[in-house]
Amino acid sequence: KNQVEQSPQSLIILEGKNCTLQCNYTVSPFSNLRWYKQDTGRGPVSLTIMTFSENTKSNGRYTATLDADTKQSSLHITASQLSDSASYICVVSAGEYGNKLVFGAGTILRVKS
Amino acid sequence: DTEVTQTPKHLVMGMTNKKSLKCEQHMGHRAMYWYKQKAKKPPELMFVYSYEKLSINESVPSRFSPECPNSSLLNLHLHALQPEDSALYLCASSQVRLAGGALIHEQFFGPGTRLTVL
């Protein structure tokens, strides 16, 4: 069964600190892995997309890693800001063309001042 | 134009009402999606349209009726809904592109419609 598991479920950090979110998946056939940021009541916004041949990708203060052998990914946020408070969702694309998305439950991040 | 728009932002309806949610994109994407998202849960896929034809229906109750009038528009017609249908309804569109030696569907989400059924 295709599954994506994220940890921790929620996280509170102080502004300016770094944090790392984890994602483990069992999805076959694997096409690509994405990290989305979703503000409350809004649609998800893509942060990074990685295929099996990519093991790291950055987008500003966000850096995602992918280990296709262990089926693990992480999202590292550097120098957190209050606006980083959101749900971060790991999504793995399955299928030949990757158009079937398997969503993780998300990690709720709260950045405090 | 690099965004997916959805209207209305909020909708409150009774169980006997008929309403429609609208989604629009002008990025030339040929695949469009409807998702339902309950609070603190990930989005659940409802329907996929590919080249204006319904390609995936995830066993959604018939009180939800999708429609794709053209390649830029996607509607979701609602009729006789139940209170448990209250949720955030997300529309997405996707393009296929080559990345890292693989073809990927890159999905772009709209801001959603917050639906409350009384």
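Note that the coordinates shown come from a computational prediction; the quantities given were computed from them, not determined experimentally. Order of the sequence lines fixes the chain letters, A, B, ..., with proteins taken first and strands second; residue numbering starts at 1 for each chain.
Hydrophobic clustering of Ile, Leu, Val, Met, Phe, Trp and Tyr side chains at less than 4.5 Å, counting indirect connections, keeps Val48(B) apart from Tyr89(B). Hydrophobic clustering places Phe52(A) together with Leu66(A) (ILVMFWY residues linked when any side-chain heavy atoms are closer than 4.5 Å, directly or through intermediates).
In terms of heavy-atom pairs under 4.5 Å with chain A, the best-connected choice from Gly112(B), Ser94(B), Pro43(B), Ala39(B) is Pro43(B).
For Gln37(B), the part lying near chain A is the side chain, with the backbone staying farther off; criterion is any non-hydrogen pair under 4.5 Å.
Taken from CD in Glu106(B) to CG in Asn32(A), the straight-line distance is 9.0 Å, to the nearest 0.5 Å. The CD1 atom of Ile89(A) sits 12.5 Å away from atom NZ of Lys41(B), with the distance rounded to the nearest 0.5 Å. To the nearest 0.5 Å, atom CZ of residue Arg42(A) and atom CZ of residue Arg114(B) are 11.5 Å apart.
By the neighbour-count criterion of 12 heavy atoms within 6.0 Å, atom CZ of Arg30(B) is densely surrounded, having more than that number from other residues, nucleotides or ligands. When the shell of 6.0 Å around NZ of Lys38(B) is examined, it contains more than 12 heavy atoms from other residues, nucleotides or ligands. Enclosure of atom CD in Gln9(A) is not indicated, since only 12 or fewer non-hydrogen atoms of other residues, nucleotides or ligands lie within 6.0 angstrom.
Under the 4.5 Å side-chain criterion, counting only non-hydrogen atoms from C-beta, Pro44(A) is in contact with Leu90(B).
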